[in-house]
Amino acid sequence: MSKDIKRSDEQPLQQEKQTVVAPDGFSVGLVDELLSDLESGTVQTSEPPIEETAVSEEEQAEELAPEETEEVELPEPEQSGLEAEPQGTESLETDEKLPPISEEFPSDQENAEDADFDGLSFIERARLRARLRRREQTRQRRENARRGLYGADVPYQAMTAVDIRGTLVRLAIAAVFLIIGRVLEQGTGALVFYLIAYLIAVLPVAVTVVRDMMHGKYFSEYLLIFLASLGAFLLDQRFEASLVLILHSIGKLINDMVLGKTRNSLSQQTDFVPVQASLVNMEGEERRVAPGDIKIGDFIIVRAGERIPIDGEVLRGEGTVDDTVLTGDSEPGEVCKGCKVLAGSLYTGTLLLIRATTRFEDCGVSQILRIHEESTGRRASLEESVIHGASRYMPLIICIAVLLAFLPPLFHFGRLSTWIYRALTVLIVCCPTALLISVPLSFLGGSGRMSQKGIQVKGSEAVEKLAELRMVVFDKTGTLTEGNLRVKEIQATADFNAESCLALAATAEQMSQHPVARAVVAAYEGIPQKIAEFEEFPGRGVRARIGNHNLLAGNRKLMISRGVKGVPDLAGTVLYLAYEGDYAGAIILEDTVRPEAETAIAGLKSLGVMRTVILTGDTELPAQQVADAIGIDTVHSGLLPEEKASKMEFLLRTIPTDGTAAYVGDGVNDLSELKLADVGVAMGVAGSAESAEAANVLIMTNDLTRFTEAVRISRQTHGVAMQNMLLLFIIKAVLVLLTLFGAATMWQAVAADVLMTVLAVLNAARTLNAK
């Protein structure tokens, strides 16, 4: 192996290529018998015993409501031993068609509540659904209180549908009393109707203020609205006091509808994890298990309309899979025997039998869930400044309003009541509701848009850093190239021929997971000999012993360090061989540049990325050829795994940029670089749980243009958030000036604030549908 071939003992265990086999104790004949049972529809179902207890109807109804559950750590599935299928094994394929979907096992997409509503009347169903909604609403409120969600650093929480309907009824009643009071303006009953209208409108605001203070949040936008409306009512501006509250509530309702719709669309993008899987054992019995309980080699049945519970290989059946939520590809893909399928994909077709090839925790869907879990609290600096700045900004506004109310009258610049009214109007104008909603919503929409394209980010922090990207560092093999190395040429010495060199290399490399090793083993058509000893040198190669003979396979550095003489210096990706300390030959391999790489690099530079770099263990010549072909600026080649991390740290210190730096790799052997970069980008699903933890951005496909798309969406998202901030500051400054000169009334200020909030929220929601 040449000096550019690097190894890492941190690589996760990859599953070897295997043909369709049965697990231990599961003969091919039993598999055929199982398939026959499936086709005849006589599959037995074995469910774990359930303890029978007397449960009241009330308890059954309560069990339907989603409750807060403790997180239970699933036992780690054990890898079952797999044997290579012997030649001549009977194929599992048969000409008979599979049976239609069995109604005995409803798909995961069906509504679980509907099954429990069987036998209930329409009114009983409506009552039960209402109870479920109330319980969910109560659960959310308790959860928010338990987690301290009323603190000053918590983003805006939208109302539920039940709250929205109740608010509409309350506002309608308040409006009726307000209109009656307006009609009776000159009568004695006007005060009563105004008071009733005001109390109906102000009560929820007052309750929110008290609740916030009990949780340590002493200043909020609700406090400003409450003080302004109360002051207006005491100044005999009773109609305007109630109108202010009604307009504020209407604006909040509109915002919540937009925010709720946005969050619902985002929640649908993450609702792709199957709850249970249909596991088939060697007796042909089918039972429902959690995906985390599936072991490698287990057989799983998937019916049309269900989501595939585990990454696996198709043994029987054909149809299509929709993996839009995973990869962002809108076109369904066809699957048949021998195809690979991903957990979380929606399947449509005949009855499908698959064999699990990975553990659930290493599936791509599990990596997405980890990204989402770690997104909590990772907010952009712009979002943090808005949320924390508002809590410090509101006390200052209240102090300014107090000074504005009493200082001008002291210097005889007008009546006290006039300046108090203007001060209260300033409180409303400076209410930061629009900022607190629109800026976080902008980043939420941008993250959601990237998720639609198969790009997962850890919170708004990653979005902001992508928007400020100025330097991108790439791994070469598997990122800029296809990563499917192929044997191009074999150079053997006089004592060996090409076939024997390949056989020795495959024998030595059979236990290694390095891409070069996998390519050599795949190129050898025979069965490698058994080895007595095996030792791997990260970044250099391997040593193996066959009987009493020692083998070395690796790069030139390994050969020289072991005293092997006569090793030539060949260009490219080269695997050198030594037998009993003597040079035996070399295997030259080649890779292919990704066809979209040049377009992706050009797109990054058009978006403001000033420097692109390659860090690779490959030799200088092939690395430079890749760089020249796709437009990379700088190449650092011949690096060991630890040297790549040091070089990445050096680049971060010495290359001046006014933004951030990203590292893009496949997440297999570059965890250190992903952690060091401002933005770590893991491409594809080849990585493990560690890659999802180390990266800020996870792209589920190997398409480099998705990374360019992520940068473009992030820049647009950041731009929309800045637009909202600047626009709101300018308009509020103009309204404050108009208020000081008496040209704006309180209800006009509220109407303007509501209009600005709605426009800012609609502008922020554009990021979810950005093209």
Side-chain angles (χ1 to χ4, degrees), residues 1-18 79 81-84 477 483-570 572-591 617-619 640-642 668-669:
M1 186 184 304
S2 68
K3 62 181 180 180
D4 55 297
I5 302 175
K6 305 307 166 192
R7 314 262 180 158
S8 174
D9 51 4
E10 298 179 356
Q11 297 177 359
L13 182 61
Q14 301 291 326
Q15 299 302 315
E16 297 184 4
K17 279 189 172 180
Q18 296 184 6
Q79 180 175 348
L82 300 176
E83 300 292 340
T477 304
N484 298 322
L485 292 171
R486 296 179 295 275
V487 175
K488 178 182 179 181
E489 181 184 353
I490 301 178
Q491 296 183 3
T493 60
D495 297 332
F496 298 87
N497 56 31
E499 184 179 354
S500 61
C501 281
L502 184 59
L504 290 174
T507 299
E509 297 278 15
Q510 61 182 298
M511 297 184 65
S512 174
Q513 298 301 317
H514 192 273
V516 170
R518 296 295 89 204
V520 170
V521 173
Y524 181 58
E525 297 180 355
I527 300 176
Q529 301 181 51
K530 292 184 179 180
I531 56 178
E533 293 182 5
F534 177 82
E535 183 179 6
E536 187 163 14
F537 308 99
R540 300 197 176 201
V542 300
R543 181 189 66 83
R545 186 165 63 87
I546 306 176
N548 296 324
H549 302 287
N550 289 318
L551 286 177
L552 279 179
N555 58 20
R556 196 165 184 269
K557 289 181 179 179
L558 177 65
M559 299 294 147
I560 295 175
S561 65
R562 292 292 175 139
V564 179
K565 305 296 184 181
V567 181
D569 188 5
L570 302 177
T573 302
V574 185
L575 178 70
Y576 295 95
L577 297 172
Y579 183 80
E580 285 295 317
D582 297 326
Y583 174 67
I587 300 176
I588 303 174
L589 301 100
E590 64 178 358
D591 202 352
D618 212 342
T619 55
L640 294 172
E642 60 273 14
V668 175
N669 57 359

Inset, instruction - Please list, chain by chain and in numerical order, all residues satisfying side-chain hydrogen bond (donor to acceptor under 3.5 Å, both in side chains) with Glu489, sequence neighbours excluded. - result: Gln491
Legend entry - Results of salt bridge (Lys or Arg N to Asp or Glu O under 4.0 Å) for Arg486 - residues two or more places apart only: none
Inset, instruction - Please work out whether the ring planes of Tyr579 and Phe496 are parallel, tilted or perpendicular, with thresholds of 30° and 60°. - result: perpendicular
Legend entry - Spacing of CD1 belonging to Ile531 relative to CG belonging to Asn550, to within rounding of 0.5 Å: 11.5 Å
Legend entry - Nearest-0.5 Å distance, CG of residue Leu552 to CD of residue Glu580: 10.0 Å
Legend entry - Distance (rounded to the nearest 0.5 Å) between His514 NE2 and Glu536 CD: 8.0 Å
Legend entry - Closest heavy-atom pair and its distance - Pro568, Tyr576: O-OH, 2.9 Å
Inset, instruction - List the atom of Leu575, the atom of Ala553, and the distance in Å for their closest heavy-atom pair. - result: CD1-C, 3.9 Å
Inset, instruction - Return yes if some donor-acceptor pair links the side-chain N/O of Arg518 with the main-chain N/O of Val520 below 3.5 Å, else return no. - result: no
Inset, instruction - To the nearest 0.5 angstrom, please state how far the CZ atom of Phe534 sits from the CZ atom of Arg543. - result: 10.0 Å
Inset, instruction - Can you see which heavy atom on Ala508 is nearest to which on Ala544, and at what distance? - result: CA-CB, 4.0 Å
Legend entry - Value rounded to 0.5 Å, distance of CG in Asp591 from OG1 in Thr477: 6.0 Å
Legend entry - Between CD on residue Glu533 and CE on residue Met511, distance to nearest 0.5 Å: 11.5 Å
Legend entry - Val542 side chain reached by Phe537 side chain, heavy atoms, under 4.5 Å: no
Inset, instruction - Would you check if the side chain of Thr493 reaches a backbone N or O of Ala584 as a donor-acceptor pair within less than 3.5 Å? - result: yes
Legend entry - Pair Gln529, Thr507: side-chain N/O donor-acceptor within cut-off below 3.5 Å: no
Inset, instruction - Would you mind reporting whether Lys488 and Leu589 have side-chain heavy atoms less than 4.5 Å apart? - result: no
Legend entry - Shortest non-hydrogen contact between Cys501 and Ile490, atoms and distance: CB-CG2, 4.0 Å
Legend entry - Side-chain heavy atoms of Arg556 within contact of Asp569, under 4.5 Å: yes
Inset, instruction - Specify the closest pair of heavy atoms between Gly526 and Pro528, including all atoms of both residues, with the distance to one decimal. - result: O-CD, 3.7 Å
Inset, instruction - May I ask you to check whether over 12 heavy atoms, not counting those of Glu525, lie within 6.0 Å of atom CD? - result: no
Inset, instruction - Flag the pair Leu577 / Leu551 as yes when at least one side-chain heavy-atom distance between them is below 4.5 Å, and no otherwise. - result: no
Inset, instruction - Work out which heavy atom in Leu558 is nearest to a heavy atom in Gly541; give both atom names and the distance. - result: CD2-CA, 3.8 Å
